[in-house]
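Here the structure comes first, spelled out in structure tokens, and everything after it is commentary.
In each ligand, atom 1 is the first atom listed, and ligand 1 is the first ligand listed.
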Amino acid sequence: MTGFSEINGLLHAEDVSLADIAARYQTPCYVYSAGHIRTRIAALQSAFKKALPAASQPLIAFACKANSNIALLHLMGQLGLGTDIVSGGELARSLQAGIPPNRIVFSGVGKTDEEILSALKQGILQINVESKPELERLAQLAQKAGKKAPVALRLNPDVDAKTHAKITTGKDENKFGIPPDEILSLYRWGADQPALHMRGLSMHIGSQLTELEPFRRAFEKMAALVNELRAENLSVTALDLGGGIGVVYRDESNADLDGYAALVRDIIHPLKTEIILEPGRLLVAEAGVLLTRVLYVKEGKKRRYLILDAGMNDLMRPALYESYHAVRPVDMRAARNRTTYDIVGPVCETGDTFGKDRELPEMKAGELAAIMLSGAYGFSMASHYNARIPPAEILVDGARHALIRQRDNLNDILKKEFIPDWLEEWPDARSA
Ligand code: LLP
């Protein structure tokens, strides 16, 4: 169950037919199931309720880079979640969604002065610092602003997360975090700064992890460091374990939430700190589809193409990571022969391909299809490439549905570009 199921031969988001959604809001559009997001959050929370006492429950800070739509963040806030942000934009979205600042953590290797200052001004829970120069800068800025900055140092534990190279973050060749052997001296330095409050450590080793072993190794490294820090009388009160738990796009093994929570119970909980988690994909990937219409069925010389009105600018993951997303026809009422397609978008690149050699019921131009598991890193990575406009976003909750992000208006976009007067002087200026 992902919030999307076939009812009387038509694919529905909860109780609402995707055909009705397309008629009402046009395609392409992202459609999310509120109910399924709540189910995923409840699954994570219940694994931790079983593993840890009530007073030690983790703060779930949703990594809002996965999907920063304000309505979705609001829904998460209602369930007690915070956010993990990586920019001033994500801070603004979180606040607009009503996430309390004391549930916001700020990660990222390249925070600007402006971003740091607005985080300090808002009084967010924690800033995860990723380098020595960043810690020094933060101390200066906090002192000038008359604030005490709450800090965790992001540890790069150098473990192999066994995931796609482009989304691995915890190896020593990655730009993220601070190597274990530099943490101690940096933490000590931080503890001496009046403008810094050293809370603890954070980490995030990669995304779409399907095994627990890399988490175990990273947690153990973190725990060993906490003991080293405490042996020097340094106070460690918070540990942020990052995100990374994967979902089943195709044939991966299902996330073992109980196993994950048991690792936290065995390795992290004995350290008696606050615990923060930063899941992104786990909470929203399954809960979204990209709803699209077939523009043409093209018989190529060698292959048969299903050409959709959604492209790589709308959902970039297949082009960027060769990731798998199932594609399903919305209307399955009539029995049809099956055939093999390459499913592509309209963008002028060969990489604009959602799937190759996909066997599907025969489809016709004008029919609707859903690109499944697109709720995470879908809209949030959309672009204007080919001067296309990213899709609208729709939220479904039971029988209710609403537009939660309007498509941009082309005129608004065109209005933001200017032709300098001096360009008019050409070619005179050149020939002079
Ligand atoms: N915390 C930090 C500091 C992160 O950098 C990330 C993701 C997360 C948490 C959440 O990770 P998750 O639970 O979603 O795995 N665009 C790629 C994924 C990039 C992930 C970047 N960092 C994709 O579409 O697969």
Side-chain angles (χ1 to χ4, degrees), residues 30 37 40-41 43-44 58-68 72 76 81-87 90 94 104-111 125-131 134 152-157 161-171 174-178 201-212 214-215 218 222 239-250 252 255 257 260 275-288 290 312 314-325 354 371-383:
Y30 279 96
I37 294 174
R40 298 309 292 155
I41 292 171
L44 185 61
L59 168 68
I60 303 177
F62 170 61
C64 65
K65 64 172 76 65
N67 192 323
S68 57
L72 296 194
M76 304 214 178
L81 273 64
T83 52
D84 166 55
I85 59 166
V86 290
S87 68
E90 289 186 350
S94 299
I104 299 177
V105 299
F106 192 177
S107 305
V109 292
K111 305 176 188 79
L125 177 65
Q126 176 169 300
I127 300 180
N128 294 342
V129 169
E130 304 224 9
S131 65
E134 186 192 336
L153 294 186
R154 176 163 171 184
L155 164 69
N156 180 328
K162 302 211 172 100
T163 183
H164 192 286
K166 285 191 183 160
I167 53 177
T168 287
T169 49
K171 285 286 292 166
N174 301 137
K175 69 179 173 182
F176 300 96
I178 300 160
L201 301 176
S202 74
M203 65 169 203
H204 171 74
I205 57 174
S207 197
Q208 183 56 12
L209 271 68
T210 52
E211 291 172 32
L212 289 180
F215 287 119
M222 183 179 244
L239 294 174
D240 176 343
L241 308 179
I245 303 175
V247 299
V248 182
Y249 285 101
R250 188 177 199 172
E252 300 90 343
L257 297 184
Y260 180 84
I275 301 173
I276 302 169
L277 309 175
E278 302 172 350
R281 187 188 319 265
L282 176 73
L283 304 185
V284 292
E286 292 172 354
L290 177 56
M312 63 188 277
D314 302 310
L315 175 66
M316 207 175 175
R317 304 192 68 255
L320 203 54
Y321 316 116
E322 281 154 10
S323 59
Y324 179 89
H325 289 261
F354 292 112
I371 306 179
M372 309 304 290
L373 277 100
S374 301
Y377 307 107
F379 185 89
S380 64
M381 292 174 75
S383 78

Tell me every residue that passes side-chain hydrogen bond (donor to acceptor under 3.5 Å, both in side chains) with R154, counting only those two or more places apart in sequence or in another chain.
E130
Taking distance alone, no hydrogens or angles, what donor-acceptor pairs closer than 3.5 Å link side-chain atoms of residues 314-322 to residues at least two apart or in another chain?
unit_1 : atom_1 : unit_2 : atom_2 : d
D314   : OD2    : G311   : N      : 2.8
D314   : OD2    : R388   : NH2    : 2.9
R317   : NH1    : S323   : OG     : 3.3
R317   : NH1    : H325   : NE2    : 3.0

L153 vs L201 side-chain heavy atoms within contact, under 4.5 Å
yes
Residue list, ring pair (Phe, Tyr, Trp, His ring centres under 6.0 Å) with F176, at least two apart or on another chain
none
Name each N or O atom in ligand 1 that is under 3.5 Å from a protein N or O, and give the partner atom and the distance.
unit_1   : atom_1 : unit_2 : atom_2 : d
ligand 1 : 1 (N)  : D84    : OD2    : 3.3
ligand 1 : 1 (N)  : E278   : OE1    : 2.6
ligand 1 : 5 (O)  : K65    : NZ     : 3.3
ligand 1 : 13 (O) : G244   : N      : 2.8
ligand 1 : 13 (O) : G280   : N      : 2.9
ligand 1 : 14 (O) : R281   : N      : 2.8
ligand 1 : 14 (O) : Y377   : OH     : 2.6
ligand 1 : 15 (O) : S207   : OG     : 2.4
ligand 1 : 15 (O) : G244   : N      : 3.3
ligand 1 : 16 (N) : Y321   : OH     : 2.7
ligand 1 : 24 (O) : R317   : NE     : 2.6
ligand 1 : 25 (O) : R281   : NH1    : 3.2
ligand 1 : 25 (O) : R281   : NH2    : 2.9
ligand 1 : 25 (O) : R317   : NE     : 3.3
ligand 1 : 25 (O) : R317   : NH2    : 2.9

Between V284 and N67, the two heavy atoms sitting closest are CG2-CB, 4.2 Å
Of all heavy-atom pairs between N128 and E134, which one has the smallest distance, and what is that distance?
O-OE2, 3.9 Å
